[in-house]
Amino acid sequence: MTPLICEMVLSSITGMLHCTAGRAVLGLCVSRQLAPWLSSLRSSTSKVVQVSPGKENEVLVENLTVLGVDIKMARRRQPGVLRKVITNEQGLARFLQAKGASREVVASIISRYPRAITRSHHHLEERWRLWRNVFKRDDEIVKILERSPESFFRSSDNANLEKNIAFLWSLGLTSKDLHRLLTTAPRTFSNSAELNRQMVELLQDICVSLGGTDPEQFIKRIISRNVYILIRSTKRVKANVEFLRGALRLSDAELLHLLQGHGADILDLSSEYIKRNFRSAEQKLRSLGCCQEGVKKFIILYPPALYISPENLKNKIDCLLEGGVDIEQILEKPRVLDFSAETVRSRLRVLEKAGYDFKKQGIAILDSSRKRFEAKLEKLSEQPEE
DNA sequence: ACAACCGGGCTCTGCCATCTCC
DNA sequence: GGAGATGGCAGAGCCCGGTTGT
């Protein structure tokens, strides 16, 4: 049966329901006896039929309870869904289970995003097919749905999803980039294609206004470095670029360079957060005798410092200082701050026991993978101090 | 052979506000 | 006026190892 015919059949039934005085009662009967059939007929654009206002569809609630859905959670999140007469909970459950989702996963998906049960079989099939353009296996998609049901179900507009995928391809992103984008920031794909286009245009404009000559490359670089960028608002990204330019007093060329490097990572921070962290880092460094120019150099060399919460940053710096590291050494090799305070602390303890002297031997040893750190440590023990 | 540099892999939803449409 | 669709927000790092340079 074509979707059009489905629609016609459905609307005639819907019409029947509207004409009936005991609509709610009939609605429940329909739900019990015809729901599976209706579910398979329903398309995503079909009319919404409600039980009498304010009342939940008891049969639906019962069905959901049987599926293991957390009704309280569903009610809190999308109360309107529980009042609907025509829904597709059974169809959705079968669909997802056929794709490899367990009963628990299905229940959790519906509990967290109840509107999922309003999507028709046809819609689900189509959406899944589109996601499979990016993913090789069903279980990859199931994992994402389990993590973020909203990303998959929030929009009923499959044409928009198709446009989005085409648009992102057109930017020259590789299939690997696209895969990572959809895995990590699945919301990107339920954005309107227009919204994504606006962000891309903003990035393009930023690049050109800073004297960049290859905006296409710039965009690819930003998106692949920061896969969250497209789920941020242009307002936020604009504000952060302006903030970085002002706070660091950067020239166009310097800013362009920063944004294409680690600067891209912090572009999506909340604008207030980035300011707060900057002020706090500045204050901490100044208190340690660092000049304004030094602060600037530090942030340019290591923008991820603005990602670290004020308390955590202070903690890491203090812990290095207490361990015998110089603030100048931290400023020169800020990537030592990549590691957790706990890792740094334990390395400092080990090195102290080994009689390591940071003044003489530098701090590079702290900024290495566990494997390399241990290898270096072993070397040290083989060559006792003279 | 070793250090230094650097890119990149993981990872990020769940809620509220505001529209649009019926 | 209510539900659906969509935009936007808060929240807040750590680690590995390939490549390049000496």
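Each chain gets a letter, A, B and so on, in the order the sequences are listed, and its residues count up from 1.
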Taking only the side-chain heavy atoms of [X] (C-beta and beyond), determine which of [options] contains the nearest atom.
X         : options                   : result
Lys379(A) : dC2(B), dG9(B), dG14(B)   : dC2(B)
Arg187(A) : dG7(B), dG14(B), dT11(B)  : dG14(B)
Asn312(A) : dA5(C), dA4(B), dC14(C)   : dC14(C)
Thr184(A) : dT11(B), dA12(C), dT13(B) : dT11(B)
Leu195(A) : dT13(B), dG7(C), dC2(B)   : dG7(C)
Arg180(A) : dT13(B), dG4(C), dT11(B)  : dT11(B)

Answer yes or no: does a side-chain N or O of [X] lie under 4.0 Å from OP1 or OP2 of [N]?
X         : N       : answer
Lys316(A) : dC14(C) : yes
Ser192(A) : dG7(C)  : yes
Lys235(A) : dC9(C)  : yes
Ser270(A) : dA12(C) : no
Arg370(A) : dC16(C) : yes
Ser148(A) : dG14(B) : no
Ser369(A) : dC15(C) : no
Ser340(A) : dC15(C) : yes

Checklist entry - Stacking between Tyr228(A) and the base of dC12(B) (centre distance under 5.5 Å, interplanar angle under 30°)? => result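 By the stated criterion, Tyr228(A) and dC12(B) stack.
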Does any donor-acceptor pair link the side chain of [X] with the base of [N] at a separation under 3.5 Å?
X         : N       : value
Arg232(A) : dG7(C)  : no
Arg236(A) : dG7(C)  : no
Arg335(A) : dG7(B)  : yes
Arg372(A) : dG18(C) : yes
Asp338(A) : dC14(C) : no

Item to check | Donor-acceptor under 3.5 Å (Ser209(A) side chain, Ile206(A) main chain) | outcome: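 Indeed, once roles are kept as given, a pair shorter than 3.5 Å links the two residues.
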Within this structure, what is the [atom1]-to-[atom2] distance between [X] and [N], rounded to whole angstrom?
X         : N       : atom1 : atom2 : answer
Ile222(A) : dG8(B)  : CD1   : P     : 13 Å
Ile231(A) : dG11(C) : CD1   : P     : 16 Å
Arg276(A) : dA12(C) : CZ    : P     : 8 Å
Asn226(A) : dA12(C) : CG    : C1'   : 13 Å
Glu374(A) : dC2(B)  : CD    : P     : 17 Å
Tyr113(A) : dC15(B) : OH    : P     : 12 Å
Arg77(A)  : dG4(C)  : CZ    : P     : 16 Å
Ile365(A) : dA4(B)  : CD1   : P     : 11 Å

Next on the checklist: Can you check the distance between dG11(C) and dA17(B), where both ends of the measurement are the P atom (answer in whole Å)?
Outcome noted: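 Looking at atom P only, dG11(C) and dA17(B) are 15 Å apart.
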Next on the checklist: Can you check the distance between dC12(B) and dG8(C), where both ends of the measurement are the P atom (answer in whole Å)?
Outcome noted: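 Nearest-Å result for dC12(B) against dG8(C) at atom P: 22 Å.
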Next on the checklist: Regarding Ala185(A), tell me which of base, sugar-phosphate or nothing describes its non-hydrogen contacts under 4.0 Å with the strands shown.
Outcome noted: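 Ala185(A): no heavy atom of the nucleic acid under 4.0 Å.
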Answer yes if [X] and [Y] sit in the same cluster of Ile, Leu, Val, Met, Phe, Trp and Tyr residues linked by side chain heavy atoms under 4.5 Å apart, and no otherwise.
X         : Y         : value
Ile299(A) : Leu331(A) : yes
Leu67(A)  : Met73(A)  : no
Val295(A) : Leu321(A) : yes

Checklist entry - In the structure shown, which nucleotide is the Watson-Crick or G-U wobble counterpart of dA4(B), with both distances under 3.5 Å? => result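 Partner of dA4(B): dT19(C).
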Next on the checklist: Strictly by Watson-Crick or wobble contacts shorter than 3.5 Å, is anything paired with dT11(B), and which nucleotide is it?
Outcome noted: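 Pairing partner, where one exists within any strand: none, as none qualifies.
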Checklist entry - How do Tyr307(A) and Arg221(A) order along DNA chain B: which one's closest nucleotide is nearer the 5' end? => result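 So the residue in question is Arg221(A).
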Next on the checklist: Out of the candidates Phe95(A), Trp128(A), Tyr113(A), only one should pair with Phe152(A) under the ring-ring contact (aromatic ring centres under 6.0 Å, His included) rule; please name it.
Outcome noted: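 Testing Phe152(A) for a ring-ring contact (aromatic ring centres under 6.0 Å, His included) against Phe95(A), Trp128(A), Tyr113(A) leaves exactly one candidate, Trp128(A).
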Checklist entry - Aromatic rings Phe135(A) and His179(A): how do their planes relate, parallel, tilted or perpendicular, breaks at 30° and 60°? => result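 If you compare the ring of Phe135(A) with that of His179(A), the planes turn out perpendicular.
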Item to check | Verdict with reasoning, Asp157(A) to Lys163(A), per salt bridge (charged side-chain N to carboxylate O under 4.0 Å, His left out) | outcome: CA-CA 10 Å; Asp157(A) 192 345; Lys163(A) 260 194 244 166; over 6 Å; no
